[in-house]
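Note sheet for the following structure.
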Protein chains: 2
Amino acid sequence: MRTDLTQPAEDRLRGKNQRFTGKRAALVEALAAAGRPLTIPQILELKPALAQSSVYRNLQILERAGVVQRIVTTDEHARFELADELTGNHHHHVVCTVCGNVEDVPAMDGVEASLHAAIDQIDRATGFTTEQHRVDLLGRCRNCAKS
Amino acid sequence: MRTDLTQPAEDRLRGKNQRFTGKRAALVEALAAAGRPLTIPQILELKPALAQSSVYRNLQILERAGVVQRIVTTDEHARFELADELTGNHHHHVVCTVCGNVEDVPAMDGVEASLHAAIDQIDRATGFTTEQHRVDLLGRCRNCAKS
DNA sequence: ATTCGTGCAAATAGTTTGCAGCAGA
DNA sequence: TCTGCTGCAAACTATTTGCACGAAT
């Protein structure tokens with residue numbers, strides 16, 4: 001489970017004529033260690049050596065290189081995680097509407113299968129070309145359980 | 001199909017001790033007519049009589065009253081649509097990653113069924129309480145088809 | 001009369017960007 | 001050496017808010 005993502009990340013950056021610097025490696029490392037989407041404040045807390053503006057800039061570059069994925073939930077900050085395509089780990093999200101935290105949940109076969117069937121049908125009917133999907137569960141996490 | 005949503009919207013506002021003013025009715029009307037999530041600039045274009053700050057404020061109030069739902073996709077503006085619960089029309093979204101447009105697609109039975117099964121399992125395993133889910137298809141709309 | 005809604009303009013907050021210096025190839 | 005990365009501070013932009021006035025109950 002502990003595959004090293006450094007090399008594929010570096011390859012993708014080089015493919016876009018970008019350097020794989022220490023700061024960028026630190027971002028990949030932080031996201032890999034977290035195992036869930038992080039906001040920029042969370043990243044800065046984990047890696048205080050990083051400058052905020054560079055984090056924004058590097059995450060944008062990493063996103064364009066296909067290394068990370070930006071996700072938006074409902075609260076103020078965007079969140080970032082390693083791209084499914086990089087980790088080979090397709091998953092969905094569980095979003096707490098109270099504290100804002102986001103956790104990964106593995107994609108479940110039944111859902112994926114019926115979703116792909118539905119996508120085929122929708123694409124055929126509408127002329128849309130689906131490239132990606134996202135499934136989010138919204139509710140309350142254990143800590144924020146209904147009062 | 002053309003049920004009047006004015007009355008239920010008004011009831012919900014009154015339930016929260018809010019008034020159902022002309023401006024608020026105009027918002028509900030615009031969203032009902034659109035049949036898809038709109039950004040605030042889009043709303044202002046449709047209803048030029050509305051002041052931007054009041055639109056922001058009223059959509060917030062309508063959201064808290066359960067009349068509208070705010071959705072965030074990837075691009076800069078949030079989008080608003082009538083709440084599923086109000087229209088009785090559970091649906092998902094198709095999001096064009098090029099032009100940003102969002103369209104509704106009816107929820108499909110197969111997907112809903114397998115999703116509910118998965119949600120039960122996840123909630124039981126994690127202690128999370130799912131209250132709502134969203135499914136988005138990301139890709140290119142007919143107009144923005146791959147170059 | 002009193003409470004609440006509205007519009008304007010100013011404030012806020014997340015994110016982006018210009019620029020000068022530093023580092024990797 | 002040359003191109004691109006970094007940090008700082010300033011700019012930008014979606015959204016929120018204070019305030020004075022007008023409308024609904």
Side-chain angles (χ1 to χ4, degrees), chain A residues 6-7 9-31 37-65 67-81 100 102, chain B residues 6 9-30 37-65 67-81 100 102:
Chain A
T6 300
Q7 193 57 52
E10 177 167 1
D11 293 344
R12 288 174 190 230
L13 278 174
R14 293 212 185 291
K16 294 266 182 180
N17 289 317
Q18 302 281 348
R19 293 173 187 163
F20 188 66
T21 65
K23 318 267 175 164
R24 291 174 184 180
L27 283 173
V28 171
E29 190 198 318
L31 295 175
L38 298 178
T39 62
I40 271 121
Q42 288 171 333
I43 292 171
L44 291 172
E45 204 171 337
L46 289 171
K47 303 280 177 183
L50 303 178
Q52 189 184 52
S53 67
S54 297
V55 170
Y56 275 106
R57 216 160 359 203
N58 282 329
L59 285 172
Q60 206 170 279
I61 286 161
L62 288 166
E63 191 187 16
R64 284 199 271 264
V67 174
V68 313
Q69 221 160 323
R70 164 194 242 114
I71 69 176
V72 282
T73 56
T74 316
D75 65 348
E76 53 278 349
H77 290 274
R79 282 158 203 270
F80 295 85
E81 67 180 351
V102 180
Chain B
T6 300
E10 177 166 2
D11 293 345
R12 287 175 192 231
L13 278 174
R14 293 216 186 291
K16 293 267 183 182
N17 289 317
Q18 300 282 348
R19 294 172 187 165
F20 188 65
T21 64
K23 315 268 174 164
R24 290 174 185 179
L27 283 173
V28 171
E29 189 198 320
L38 298 179
T39 62
I40 271 124
Q42 288 171 332
I43 292 171
L44 291 172
E45 204 171 337
L46 290 171
K47 303 281 176 183
L50 303 178
Q52 188 182 53
S53 68
S54 298
V55 171
Y56 274 107
R57 218 162 355 205
N58 282 329
L59 286 172
Q60 206 170 279
I61 286 161
L62 288 166
E63 191 187 16
R64 284 200 272 262
V67 175
V68 312
Q69 222 159 321
R70 164 194 241 115
I71 69 177
V72 280
T73 55
T74 317
D75 64 348
E76 53 277 349
H77 291 274
R79 283 159 202 268
F80 296 84
E81 67 179 351
V102 180

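Throughout, protein chains are lettered first and strands after them, A, B, ... in sequence-line order, and every chain is numbered starting at 1. The figures here come from the full heavy-atom set of this structure, side chains too, leaving out hydrogens, waters and symmetry mates.
Between C:dT3 and B:Arg19, no contact under 4.0 Å exists linking OP1 or OP2 to a side-chain N or O. For the pair A:Gln18 and D:dG4, the criterion of a side-chain N or O lying under 4.0 Å from OP1 or OP2 is not met. In this structure, B:Lys23 does not reach the D:dA23 phosphate: none of its side-chain N or O atoms is under 4.0 Å from OP1 or OP2. The side chain of A:His77 places an N or O atom within less than 4.0 Å of a non-bridging phosphate oxygen (OP1 or OP2) of C:dT15. For the pair A:Tyr56 and C:dT15, the criterion of a side-chain N or O lying under 4.0 Å from OP1 or OP2 is met. Proximity of B:Gln52 to the phosphate of D:dT15: no side-chain N or O atom is located under 4.0 Å from OP1 or OP2.
If you measure from atom CD of B:Glu10 to atom C1' of C:dC4, you get 15 Å, rounded to the nearest angstrom. We find that CD of A:Gln60 is positioned 17 Å from P of C:dG14, with the value rounded to whole Å. Per the geometry, CG belonging to A:Leu62 stands 15 Å off C1' belonging to D:dG4, to the nearest Å. Atom P of nucleotide D:dC5 and atom CG of A:Leu59 are separated by 14 Å, given to the nearest angstrom. For the pair B:Ile40 CD1 and D:dT16 P, the computed distance is 8 Å after rounding to whole Å. Taking atom CZ on B:Arg14 and atom C1' on C:dC4, their separation rounds to 12 Å, with Å as the unit. Distance A:Ile61 CD1 to C:dT16 P: 12 Å, rounded to the nearest Å. Atom-to-atom, NZ of A:Lys47 to P of D:dG7 comes out at 14 Å; the value is rounded to the nearest Å.
Within a 6.0 Å sphere centred on NZ of B:Lys47, other residues, nucleotides and ligands contribute more than 12 heavy atoms.
Within the nucleic acid shown, B:Arg24 comes within 4.0 Å of sugar-phosphate atoms alone, with no base atom in reach, counting heavy atoms only. Among the protein residues, B:Ser53 comes within range of the nucleic acid bases, having at least one heavy atom under 4.0 Å from a base atom. A:Asn58 comes within contact range of the sugar-phosphate backbone alone, with a heavy-atom separation under 4.0 Å but no base atom that close. Backbone-only contact: A:Thr21 has heavy atoms under 4.0 Å from sugar-phosphate atoms and none from a base.
DNA chain C is contacted by both B:Ala49 and A:Pro41; B:Ala49 maps to the nucleotide lying nearer its 5′ end (nearest heavy atom per residue). Where B:Ala78 and B:Phe20 meet DNA chain D, the nucleotide closest to each residue was compared, and B:Ala78 sits on the side nearer the 5' end.
One distance of note links CG of B:Leu44 with CD of B:Gln42; it measures 10.0 Å at 0.5 Å rounding.
Shown here for A:Arg19 and A:Leu13, the closest heavy-atom pair between the two residues is O-CD1, 3.7 Å. The two residues A:Leu38 and A:Ala30 make their nearest non-hydrogen contact at CD1-O, 4.0 Å.
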Test B:Val68 against B:Leu27 for side chain to side chain contact (heavy atoms under 4.5 Å, CB included), laying out the working first. CA-CA 10 Å; B:Val68 312; B:Leu27 283 173; over 6 Å; no
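Using a 4.5 Å cut-off on side-chain heavy atoms (C-beta onward), B:His77 and B:Pro41 make contact.
Below the 3.5 angstrom threshold, one finds no donor paired with an acceptor across the side chain of B:Arg70 and the base of D:dT15. Residue side chain A:Arg57 does not reach the base of D:dG4 through any donor-acceptor N/O pair under 3.5 Å, judged by distance alone.
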